[in-house]
Amino acid sequence: MSSPVRVRFAPSPTGFLHVGSGHSALANWLYARHTGGEFLLRIEDTDAERDRPELIENVLEMLQWLGLQWDNEPPRQSERRALYEDAAAKLLADGAVYPCDCTGEQVQARNKEAGGKPGYDGFCRDRGLEPGPGRALRFRTPREGRTGWTDLVRGDVSFANSDIEDFVVVRGNGAPMFLLANCFDDADMGVTHVIRGEDHVNGTPKYLLLGAALGLPSPEAFAHMPLLVNEGRKKLSKRRDDVSMSDYRDRGYLPEAMVNYLALLGWGPADGVEVRPVAEIVEQYRLEDVNAAPAFFDQKKLSFVNAEKIRSLSTEEFIERARPFLTLGEPAVEALRSLATEVQERVRTLVEVEPMIEFLVVDEPTVDEASWTKAIVKGRSVPEMVAATLSRLEALPADGWVPDQIEVAVRQAAVDAGIVNADGEPQLSKAQGPVRVAISGRTVGPPLWESLQVLGRERTLDRIRAMQAKLP
RNA sequence: GCCCCCAUCGUCCAGCGGCCUAGGACGCCUGCCUUUCACGCAGGUAACACGGGUUCGAAUCCCGUUGGGGGUGCCA
């Protein structure tokens with residue numbers, strides 16, 4: 001019987017949480033939840049130069065937002081340096097590492113002379129240098145044999161040891177390198193499965209060699225997840241692509257949509273049902289079924305999933321989820337409440353909510369240029385329709401200001417204005433345009449009769465009169 | 001350059017030797033529904049990279065080619 005599954009997500013605070021790291025974090029979390037194991041977190045802040053401590057907060061906040069709850073108090077590697085130093089001392093005592101005082105320039109120059117081969121050439125390997133300030137510690141990689149592992153996503157992978165350079169384990173300034181801290185901590189934390197991005201594949205033999213030299217147990221298995229790529233099929237980059245998790249949150253994406261979509265990258269449920277509750281994904285997710293090929297991060301499909309998730313919310317939930325996106329405050333919330341179900345099935349993201357109900361909140365709707373052109377400039381019998389609508393609606397009694405009667409009135413207005421088909425039936429698709437623009441400034445929006453009802457008799461009539469005055 | 005990985009519709013996923021004249025989803029297109037938009041519904045578009053094997057039989061196994069990605073830091 002193997003030990004219970006224990007996985008970890010180990011971000012370094014050098015940037016905001018990115019959808020790519022979110023994808024890896026999710027794979028870890030899903031695997032842990034699926035197997036009943038533990039999902040641990042660890043902060044890899046060993047690079048004092050580049051680390052931005054304030055970003056730790058963003059990473060934790062985003063994981064929380066996604067609902068990827070972790071099971072430990074995340075250790076910080078910056079606070080565990082003594083442990084890595086001890087490990088390094090042991091390696092040095094065992095002769096597994098050796099001091100090196102080569103600068104990058106020197107190595108490069110030698111490589112260039114030797115035919116342009118990159119990587120460290122082993123110059124200091126047998127120089128017998130004493131450790132000291134400015135001298136890095138390099139791992140004495142075996143020259144023979146192969147190092148490999150079982151990868152849940154890729155099968156058996158191995159490298160010839162002769163292809164692995166003598167990599168740096170401790171920097172000249174005494175700071176431990178990623179590989180040392182990473183490998184040491186995984187063993188120290190009892191990590192059983194290392195699940196991370198494909199960009200770590202090449203570092204895995206070094207990890208394994210280092211762990212063996214340290215006498216540490218190796219993880220049971222690794223899983224290298226496919227990288228997320230952009231339209232150009234390149235690894236998602238902070239500079240070019242929309243990768244910040246918090247940006248998606250701010251643009252009105254639901255965390256459950258992000259989680260659901262991310263799970264679908266590299267993997268698919270056996271029954272083909274793509275959009276579903278996370279609990280079902282946890283149940284079905286298997287790392288063995290994950291594809292090794294890079295996957296395109298498709299914002300269109302993300303939007304689709306988001307729209308599905310929005311529509312599956314109860315009306316109350318929808319209003320609460322949209323609330324943070326309503327910049328117009330409580331009146332906007334009230335306006336949304338009055339038209340919630342109509343709005344809910346029309347938006348793909350939460351930021352699209354406010355523009356749909358804004359006309360109920362502001363004193364005067366802002367007129368959208370394209371809508372004006374479409375409905376007013378290019379519309380048929382616009383002045384007639386506006387005038388007819390005004391008189392028909394004015395004729396409605398105060399207690400008749402309900403959708404059914406408003407519809408009847410507008411239909412009659414269309415007939416009055418001559419906007420009819422061959423059978424003399426009103427052509428509402430054309431006739432409603434000017435009315436819609438008059439009350440909301442746009443040609444698209446929630447159903448008109450309900451909109452007019454919520455706007456109210458006086459405001460509706462005022463806006464139509466104002467429109468009449470502005471007609472070309 | 002070298003090393004590692006990958007290769008089914010534009011995209012994501014299914015297919016793990018016969019059920020495949022290759023299935024689902026997104027996108028796109030058409031139609032229906034319809035007061036706009038959206039939803040919903042009915043259709044359509046479109047792929048096994050190529051060449052060799054293995055086999056009675058290959059999208060599925062093997063090899064090669066081509067193509068793509070990743071790595072190649074005293075970053076993580």
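Residue numbers start from 1 in every chain, and the chains themselves are labelled A, B, ... in the order their sequence lines are given, proteins ahead of strands.
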- Task: Could you grab the distance from atom NZ of A/Lys374 to atom CZ of A/Arg436, nearest 0.5 Å is fine?
- Result: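 If we round to the nearest 0.5 Å, A/Lys374:NZ and A/Arg436:CZ are 10.0 Å apart.
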
Under 3.5 Å for both donor-acceptor distances, Watson-Crick or wobble: does [N] have a partner, and if so which one?
N: B/rA58; result: none
N: B/rG23; result: B/rC13
N: B/rG67; result: B/rC6
N: B/rC37; result: none
N: B/rU72; result: B/rG1
N: B/rG43; result: B/rC29

Any idea which of [options] is nearest the [X] side chain?
X: A/Ala136; options: B/rC74, B/rU36, B/rU11; answer: B/rC74
X: A/Ala292; options: B/rG70, B/rC6, B/rC2; answer: B/rC6
X: A/Met177; options: B/rC12, B/rC75, B/rC5; answer: B/rC75
X: A/Pro447; options: B/rC4, B/rU35, B/rC74; answer: B/rU35
X: A/Arg436; options: B/rU35, B/rG69, B/rA25; answer: B/rU35
X: A/Gln432; options: B/rU35, B/rC12, B/rG40; answer: B/rU35
X: A/Asp199; options: B/rG27, B/rG70, B/rG24; answer: B/rG70
X: A/Arg346; options: B/rA38, B/rA25, B/rU35; answer: B/rA38
X: A/Arg311; options: B/rG73, B/rC39, B/rC74; answer: B/rC39
X: A/Arg171; options: B/rG71, B/rC74, B/rU35; answer: B/rC74

- Query: Cationic tip of A/Arg196 within the cone over A/Tyr207's six-membered ring, i.e. under 6.0 Å and within 45° of the normal?
  - Reply: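 Pair A/Arg196/A/Tyr207 counts as cation-pi.
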
- Message: Could you tell me if A/Arg138 sits above the aromatic ring of A/Phe167, with its cationic atom closer than 6.0 Å to the ring centre and no more than 45 degrees from the axis?
- Response: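 No - A/Arg138 does not lie over the ring of A/Phe167 by the 6.0 Å and 45° rule.
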
Expressed in whole Å, how much space separates the [atom1] atoms belonging to [N] and [M]?
N: B/rA76; M: B/rC39; atom1: P; answer: 47 Å
N: B/rC19; M: B/rG64; atom1: C1'; answer: 32 Å
N: B/rA58; M: B/rG18; atom1: P; answer: 12 Å
N: B/rA46; M: B/rC26; atom1: C1'; answer: 13 Å
N: B/rC13; M: B/rC48; atom1: C1'; answer: 15 Å
N: B/rG70; M: B/rU30; atom1: C1'; answer: 42 Å
N: B/rA59; M: B/rU8; atom1: P; answer: 15 Å
N: B/rU55; M: B/rU65; atom1: P; answer: 23 Å

[atom1] of [X] versus [atom2] of [N]: gap in Å, rounded?
X: A/Gln108; N: B/rU72; atom1: CD; atom2: P; value: 14 Å
X: A/Lys309; N: B/rC26; atom1: NZ; atom2: P; value: 14 Å
X: A/His224; N: B/rG71; atom1: NE2; atom2: P; value: 12 Å
X: A/Glu425; N: B/rU34; atom1: CD; atom2: C1'; value: 15 Å
X: A/Glu450; N: B/rU34; atom1: CD; atom2: C1'; value: 13 Å
X: A/Ile164; N: B/rC4; atom1: CD1; atom2: P; value: 10 Å
X: A/Glu342; N: B/rC37; atom1: CD; atom2: P; value: 16 Å
X: A/Asn202; N: B/rC75; atom1: CG; atom2: C1'; value: 15 Å

- Item | Contact nearer the 5' end of RNA chain B, comparing A/Ala293 with A/Ala270 |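 By nearest-heavy-atom nucleotide position, the 5'-most residue is A/Ala293.
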
- Message: Nearest heavy atom decides the nucleotide; on that basis, is A/Asp51 or A/Leu302 closer to the 5' end of RNA chain B?
- Response: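 The residue whose closest nucleotide sits nearer the 5' end is A/Leu302.
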
- Kindly say whether, by distance alone, the side chain of A/Glu274 makes a donor-acceptor pair under 3.5 Å with the base of B/rG24? yes

Counting only side-chain nitrogens and oxygens, does [X] get under 4.0 Å of the OP1 or OP2 atom of [N]?
X: A/Asn291; N: B/rA7; answer: no
X: A/Lys206; N: B/rU72; answer: no
X: A/Arg442; N: B/rA38; answer: no
X: A/Lys234; N: B/rG69; answer: yes
X: A/Arg146; N: B/rC3; answer: no
X: A/Arg154; N: B/rC6; answer: no
X: A/Thr46; N: B/rA76; answer: yes
X: A/Asn173; N: B/rC74; answer: no

- Distance only, no hydrogens: is a donor on one side chain within 3.5 Å (strictly under) of an acceptor on the other, for A/Thr46 and A/Tyr84? no

- Query: Has A/His200 got its ring stacked on B/rA76, by the test of a centre gap below 5.5 Å and a plane angle below 30°?
  - Reply: yes

Could you tell me whether [X] and [Y] have their ring centroids closer than 6.0 angstrom?
X: A/Phe297; Y: A/Tyr248; value: yes
X: A/His193; Y: A/Phe222; value: no
X: A/His200; Y: A/Phe178; value: yes

- Could you walk me through whether A/Glu256 and A/Arg276 pass the salt bridge (charged side-chain N to carboxylate O under 4.0 Å, His left out) test, one step at a time? CA-CA 9 Å; A/Glu256 58 266 47; A/Arg276 63 200 313 163; over 6 Å; no

- Query: Taking the inter-plane angle between the rings of A/Trp267 and A/Tyr285 on a 0 to 90° scale, is it parallel (under 30°), tilted (30 to 60°) or perpendicular (over 60°)?
  - Reply: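 The rings of A/Trp267 and A/Tyr285 sit tilted, inter-plane angle from 30° to 60°.
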
Identify whether any heavy atom of [X] sits under 4.0 Å from a base atom; if not, whether one sits that close to sugar-phosphate; answer base, sugar-phosphate or nothing.
X: A/Asp166; value: nothing
X: A/Glu44; value: sugar-phosphate
X: A/Gly266; value: sugar-phosphate

- Just do the salt bridge (charged side-chain N to carboxylate O under 4.0 Å, His left out) check on A/Glu198 and A/Arg154 with the steps written out, would you? CA-CA 10 Å; A/Glu198 190 194 349; A/Arg154 281 150 220 276; 3.6 Å; yes

